[in-house]
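Computation of the quantities below employed the complete heavy-atom set of this structure, encompassing side-chain atoms and omitting hydrogens, waters and symmetry-equivalent molecules. Convention: sequence-line order gives letters A, B, ...; per-chain numbering from 1.
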Amino acid sequence: MAEAKEESKSSEESVKLFVGQVPKHMTESELLAMFKEFALVDEVNIIKDKATRSSRGCCFVICPSREEADKAVNACHNKKTLPGASSPLQVKYADGELERLEHKLFIGMLPKNVSEVEVSALFSKFGTIKDLQILRGSQQTSKGCAFLKYETKEQALAALEAINGKHKMEGSSVPLVVKWADTEKERQARRAQRAQSQASNAPHADSQHPSLFGALPMGYVPPYNGYGYQAPGGYGIMPYRMPPMQNQPGYHNMMPHMNQANALRPELGPNMNPRNYHVPPASYVGSYPAVPGLQHPIAYAGGMISPRPMSSSPGSISPAGGNGNSGTSSSSASKSSGGQVEGPPGANLFIYHIPQEFGDQELATAFQPFGRVLSAKVFVDKATGVSKCFGFVSYDSPEAAQSAISMMNGCQLGGKKLKVQLKRDNKQSKPY
DNA sequence: TCATATT
């Protein structure tokens, strides 16, 4: 009441939390009310899909202080499951937030023989050092870089500006590098970037000098011309100014090399692998409606699927009459900016033991013959981009899903047998 | 082995 209207109070000490596992139907006020039971909260922002404006199932929560933020985290993270969610709330500092709060510095180009004491002596001129660690390898040998935390951002900034590129430690011909430490996100990006270039380059190309590599900043451009250390060893700085990472891991571009996999690509056609193309039972062929480019749904049936009589009406596998599927695989399945499209109850499949090299496209293609595929998603590890070998396929009808189960469950694809089941249903029937 | 998503 007597409280002044708090506009955007994104002050230095307010803290942003990221919250996952938020049911898409919840509103910001509902969430605000809920979080206020546990901590002071200034604001809740639901994260929405740019295109559809619908909730992406997560939100940001702004707390006035770190203490309040911690209260919210401790009370909610993995502790509460909101109605309709499949797993408990995920409540954590938003990307970059911890780093921003800690004003952590990275120090590079340290001579290997320099110890904590010497680093401390130099940097304590700018403020009280809260934390300092020199990175060391197996024999405790210094990696030539360190992380350092001050109590305040101002102290860190002062040190950064005074020392970066300017101060040479005794016996060193090269000035120290001081920059804001990478955020977790940047580290992940770098990791993924490296994994990717490793996958596409010859394995001998990675002979970077480790300490130099670690010292080179990715996003930070110093206010002066160069660091001074690029000349001596002839190491160019240029390669480190990388473009934003490509989120598509290299294997997405790999052609599946198994013959069965090729058979899954209508655009390649079964004739690419005549030896692997098995003529399907006539009854099945006859019952399958003529769809351009899709006339070989049984290609992978060849010897792989136990020839079971189709007990359900053959018509039920019709891919949603007259869809605009003009032949190639890349049409209806992969659309929709980010969010997965879910089909009606009973039309969504969970699939396990998907071959490692399959991506969304390949999965969609594999399940296309049984009906209109609304979405197909293979799950990949966030950091490495490696497939987790499971995923989801959604159809527009339960009949299509049943057909896919009967044809594809137990089907040997790659090394293992597919497991194809109805997706578990998390949503409880709406109470009114 | 069942949707991990950072305005």
Side-chain angles (χ1 to χ4, degrees), chain A residues 8 10 14-28 31-32 42-62 69 73 77-78 81-82 84-100 183-189 192 244-245 247 333-334 336-343 345-356 359-360 363-364 373-394 401 405 408-410 416-428:
Chain A
S8 50
S10 49
S14 79
V15 175
K16 177 155 67 178
L17 298 176
F18 174 84
V19 181
Q21 298 304 323
V22 176
K24 295 199 201 319
H25 57 78
M26 284 191 78
T27 67
E28 290 178 345
L31 288 161
L32 183 65
D42 292 330
E43 209 177 314
V44 171
N45 301 125
I46 288 179
I47 298 166
K48 307 188 187 79
D49 182 276
K50 237 182 300 224
T52 71
R53 311 280 299 155
S54 64
S55 166
R56 302 191 66 159
C58 48
C59 70
F60 288 121
V61 168
I62 316 288
V73 171
H77 179 64
N78 272 142
T81 302
L82 265 18
S86 56
S87 44
L89 278 177
Q90 300 300 105
V91 185
K92 42 211 246 210
Y93 285 76
D95 278 352
E97 201 64 358
L98 202 51
E99 292 86 351
R100 179 180 73 78
T183 64
E184 180 58 34
K185 202 178 194 178
E186 289 166 323
R187 260 186 292 170
Q188 279 178 12
M245 81 161 163
N247 265 330
S334 61
S336 159
S337 50
Q340 310 322 327
V341 184
E342 184 139 349
N348 304 290
L349 298 177
F350 170 75
I351 298 133
Y352 195 59
H353 290 158
I354 297 168
Q356 185 98 53
D360 298 352
L363 183 64
V373 174
L374 301 180
S375 67
K377 181 80 189 159
V378 174
F379 275 75
V380 298
D381 182 277
K382 261 191 311 247
T384 67
V386 174
S387 166
K388 293 185 162 169
C389 298
F390 75 88
F392 299 90
V393 168
S394 291
I405 291 173
M408 297 296 277
N409 185 39
K416 295 183 177 160
K417 292 183 177 168
L418 280 186
K419 206 161 282 192
V420 182
Q421 318 169 318
L422 283 180
K423 175 186 166 314
R424 203 181 285 153
D425 196 6
N426 283 316
K427 52 193 72 168
Q428 45 249 49

Query - Distance in angstrom units between A:Asp360 CG and B:dA3 P, rounded - result: 16 Å
**Report entry** Residue A:Gln421, side-chain heavy atoms: nucleotide from B:dA3, B:dC2, B:dA5 that is nearest
**Finding:** B:dC2
Query - Non-hydrogen side-chain atoms of A:Ile46 and A:Val22 separated by less than 4.5 Å - result: no
Requested in this report: Measure centre to centre between the rings of A:Tyr93 and A:Phe18, then say whether the value is under 6.0 Å.
Outcome: no
Report task. Check every strand shown and say whether A:Ser394 touches a base, only sugar-phosphate, or nothing at a heavy-atom separation below 4.0 Å. Result -> base
**Report entry** Whole-Å distance separating the CG atom of A:Leu418 from the C1' atom of B:dT1
**Finding:** 13 Å
Query - Whole-Å distance separating the CD atom of A:Gln21 from the C1' atom of B:dC2 - result: 12 Å
Query raised in the report: With respect to the phosphate group of B:dA3, does any side-chain polar atom (N or O) of A:Ser86 fall under 4.0 Å of OP1 or OP2?
Result: yes
Query raised in the report: Within the stacking criterion (centroid distance below 5.5 Å, interplanar angle below 30°), does A:Phe392 stack on B:dA3?
Result: yes
Requested in this report: In whole angstrom, give the distance that lies between atom CG of A:Leu89 and atom C1' of B:dA5.
Outcome: 13 Å
Query raised in the report: So what does A:Lys92 hit on the nucleic acid, given a heavy-atom distance under 4.0 Å: a base, only sugar-phosphate, or nothing?
Result: base
Query raised in the report: Between B:dA3, B:dT1, B:dT6, which one does the side chain of A:Asp95 approach most closely?
Result: B:dT6
Report task. State, yes or no, whether a side-chain contact exists between A:Leu422 and A:Leu349 at a heavy-atom distance under 4.5 Å. Result -> yes
Query - Check: A:Lys419 and A:Asn409 side chains under 4.5 Å, non-hydrogen atoms - result: yes
Report task. Return the value, rounded to whole Å, for the distance between atom CZ of A:Phe390 and atom P of B:dT1. Result -> 8 Å
Report summary line: Closest of B:dA3, B:dT6, B:dT1 to the A:Lys419 side chain is B:dT1
Query raised in the report: Of the candidate nucleotides B:dC2, B:dA5, B:dT6, which contains the atom at the shortest distance from the side chain of A:Arg424?
Result: B:dC2
Report summary line: To the nearest angstrom, the CD1-C1' distance between A:Ile354 and B:dC2 comes to 11 Å
Query raised in the report: Once you round it to whole Å, what is the distance between C1' of B:dT1 and NZ of A:Lys377?
Result: 18 Å
Requested in this report: For A:Lys388, report the nucleic acid contact type (base, sugar-phosphate, nothing); a contact means any heavy atom under 4.0 Å.
Outcome: nothing
Query raised in the report: Can you check whether A:Gln21 reaches A:Ser86 side chain to side chain, under 4.5 Å on heavy atoms?
Result: yes
Requested in this report: Let me know the distance between CZ of A:Phe350 and C1' of B:dT1, rounded to the nearest Å.
Outcome: 4 Å
